[in-house]
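We count ligands from 1, going down the list as the structure has it; atoms in each ligand are counted the same way.
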Amino acid sequence: MVDRSDPASAVWAPPVAEAAPRDLCTDCGVSRSSEPKQCGQACQFIKPDYPSLEKIVHGRARDATRPDEMFFGPFRRMLRAALTHPRDGAQWTGIATRIGERLLETGAVDAVLTMAPDPDDKWKPVPVLVTTAAGMAQCRGMRMGYAPLLALLEPARQRGFKRIAVIGIPCQVYALRALEKKLGFEKIFVVGTPCSDNTTTANFHRFLDLLADDPDSIIYLEFRADYHVELRFSDGHVKEIPFLQLPISKLPPDFFPMTCRTCVDYTNVLADITVGYMGGEGQQWLLVRNERGEELLGLLGDEARTSTPGSAGKRGGPVRGFLGNVELAAGGLPLRSMPNWLRPIVGWLMPKIGPRGLEFARARVEMKAVETVLHLRRQYPQRMKNMVPAHVWALVEPYGIKPESGERP
Ligand SMILES: Cc1cc2nc3c(=O)[nH]c(=O)nc-3n(C[C@H](O)[C@H](O)[C@H](O)COP(=O)(O)OP(=O)(O)OC[C@H]3O[C@@H](n4cnc5c(N)ncnc54)[C@H](O)[C@@H]3O)c2cc1C
Ligand code: SF4
Ligand code: SF4
């Protein structure tokens with residue numbers, strides 16, 4: 001059993017306060033801080049201001065003359081990448097946690113804030129402060145669920161840490177950036193991962209229960225860009241399930257919480273470096289966004305093999321198909337009565353010659369924008385005015401979705 005309760009432990013999980021009740025909240029941790037009212041300023045789901053924060057973090061907002069920035073946010077360069085020695089337990093090759101290790105190895109930071117698995121449930125994320133490079137190994141891999149990462153900022157400050165790194169998902173990184181100035185750290189490095197379709201760990205277990213007779217033996221799951229879910233089992237065998245054969249019609253209509261259906265940042269645009277996979281055609285996909293991001297990538301030296309990302313196919317048809325299905329679903333999982341729900345819900349996944357590489361990533365970003373507008377319009381129309389940034393309206397415009405009266409500030 002891992003003991004993370006000792007503050008001297010290399011992987012420390014400090015006790016955190018109760019969350020304040022909030023509507024549209026992924027429990028990023030701000031409501032558990034000594035100033036829970038900061039949510040008003042920090043929350044992606046209240047009144048996000050991406051252009052201002054992009055300018056503060058990257059020195060400029062996204063540039064319309066560089067078309068991919070309209071999808072992925074400001075970046076200096078995009079790369080396909082892989083660690084030459086992939087790490088055990090990593091979600092892909094382990095670039096995200098290896099950057100954390102390198103920051104600790106080189107003394108660039110005092111601690112890394114990130115997620116480790118709960119000792120009693122490997123799929124449940126628990127926020128931790130990691131102070132040794134060796135400790136980062138515990139944090140590799142993806143968990144499904146929400147956990148209050150930013151509630152660890154105050155314990156980090158109280159421990160006297162001055163330079164920290166945060167590895168987080170977009171809704172956490174937005175709040176971090178919105179509060180960064182007043183946090184009082186000398187330096188914060190931000191490694192972001194893309195994120196979409198998260199759900200509670202409890203919901204995720206219901207999904208795993210449908211995938212195997214012994215769901216406890218599933219140790220890895222990924223929705224790959226080649227339209228398969230990859231499952232790895234504790235006895236070493238691997239299963240690849242085509243999306244269309246997933247038993248998802250058995251899940252409840254609210255399987256994905258409204259937060260993750262209406263989140264406006266897929267690619268973690270405020271991170272210094274985004275480490276994902278969906279533009280990588282089977283490898284990892286990096287977006288180096290600013291000077292600090294270059295520094296982070298530089299820490300990997302020749303441990304990472306990089307190349308130029310490719311792009312193929314056309315996203316228009318799949319995105320239009322997805323839009324139609326979201327409209328038909330009227331707020332639930334699209335067309336649940338069909339024998340295979342996944343055809344409608346992720347129609348974009350199915351085309352034989354579908355978008356690949358960067359075009360796949362653009363398609364996913366557009367789909368997420370479509371979902372945001374349609375779900376908010378249906379369930380939180382009063383939120384649209386403040387919650388939908390201009391970049392989201394620009395992404396859905398080619399599909400005939402335009403702001404209606406009262407939907408823009
Ligand atoms: C819910 C979710 C959905 C995602 N969806 C996409 C997607 O659609 N497209 C895409 O390109 N990438 C997505 N990612 C990111 C992807 O799964 C990989 O984390 C990323 O590609 C980095 O791989 P790696 O091998 O470098 O990571 P590792 O070196 O294995 O490190 C993974 C890091 O993620 C952190 N982490 C794990 N679970 C969580 C969690 N629940 N909340 C916050 N942090 C967590 C870990 O603490 C660790 O620091 C998603 C991640 C999550 C958590
Ligand atoms: S997601 Fe974070 S900032 Fe938003 S309401 Fe929840 S705790 Fe507050
Ligand atoms: S999909 Fe968006 S709101 Fe949901 S956990 Fe991921 S970043 Fe947060």
Any N/O/S atom, backbone or side chain, of C260 lying under 2.8 Å from atom 8 (Fe) of ligand 3? no
Students should be able to answer this: which protein heavy-atom is nearest to [atom], and at what distance?
atom	result
atom 24 (P) of ligand 1	Q284 NE2, 3.5 Å
atom 1 (C) of ligand 1	N198 CG, 3.5 Å
atom 49 (O) of ligand 1	T114 OG1, 2.9 Å
atom 18 (C) of ligand 1	Q91 CG, 3.9 Å
atom 41 (N) of ligand 1	R143 O, 2.9 Å
atom 46 (C) of ligand 1	C139 O, 3.2 Å
atom 44 (N) of ligand 1	M115 CG, 3.5 Å

C25 backbone or side-chain N/O/S under 2.8 Å from atom 4 (Fe) of ligand 2: no
Short list, please: which atoms of ligand 2 are under 4.0 Å from a heavy atom of R22?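 Those qualifying, in numeric order: 5 (S).
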Numbering the atoms of ligand 2 from 1, which are under 4.0 Å from a heavy atom of T26? 1 (S)
Residue pair [X] / [Y], side-chain donor-acceptor N/O under 3.5 Å:
X	Y	result
K47	Q41	no
T262	E371	no
S52	D49	yes

Shortest heavy-atom approach to [atom] - which of [options]:
atom	options	value
atom 3 (S) of ligand 2	S33, G29, C43	C43
atom 9 (N) of ligand 1	Y277, F204, W123, F223	Y277
atom 7 (S) of ligand 2	P36, A20, S31	S31
atom 26 (O) of ligand 1	P125, A96, S196	A96

Classify the contact between F256 and ligand 3 as side chain, backbone, both or neither, using a heavy-atom distance cut-off of under 4.0 Å. neither
What do we get for S196 next to ligand 3 when only non-hydrogen atoms under 4.0 Å count, side chain, backbone, both or neither? backbone
For the residue pair Y277 and W285, is the inter-centroid distance of their aromatic rings smaller than 6.0 Å? no
R383/D23 salt bridge by N-O under 4.0 Å criterion: yes
Should the pair F223 and F207 be assigned to parallel (<30°), tilted (30 to 60°) or perpendicular (>60°) ring geometry?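 Because their plane-to-plane angle is under 30°, the rings of F223 and F207 count as parallel.
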Could you tell me how the ring of F75 sits relative to the ring of F72: parallel (under 30°), tilted (30 to 60°) or perpendicular (over 60°)?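 Aromatic pair F75/F72 classed tilted.
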For ligand 3, which atoms have a heavy atom of P170 less than 4.0 angstrom away?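 This gives 7 (S) as the contact atoms.
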Ligand 3 atoms nearer than 4.0 angstrom to some heavy atom of F45 are 3 (S)
Please confirm whether [X] comes within less than 3.5 Å of ligand 1 when only nitrogen or oxygen atoms on both sides are compared.
X	value
Q172	no
G141	yes
I95	yes
M142	no

Does atom CG of D88 have more than 12 heavy-atom neighbours, drawn from other residues, nucleotides or ligands, at distances under 6.0 Å?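 Atom CG in D88 is not packed in, count stays at 12 or less.
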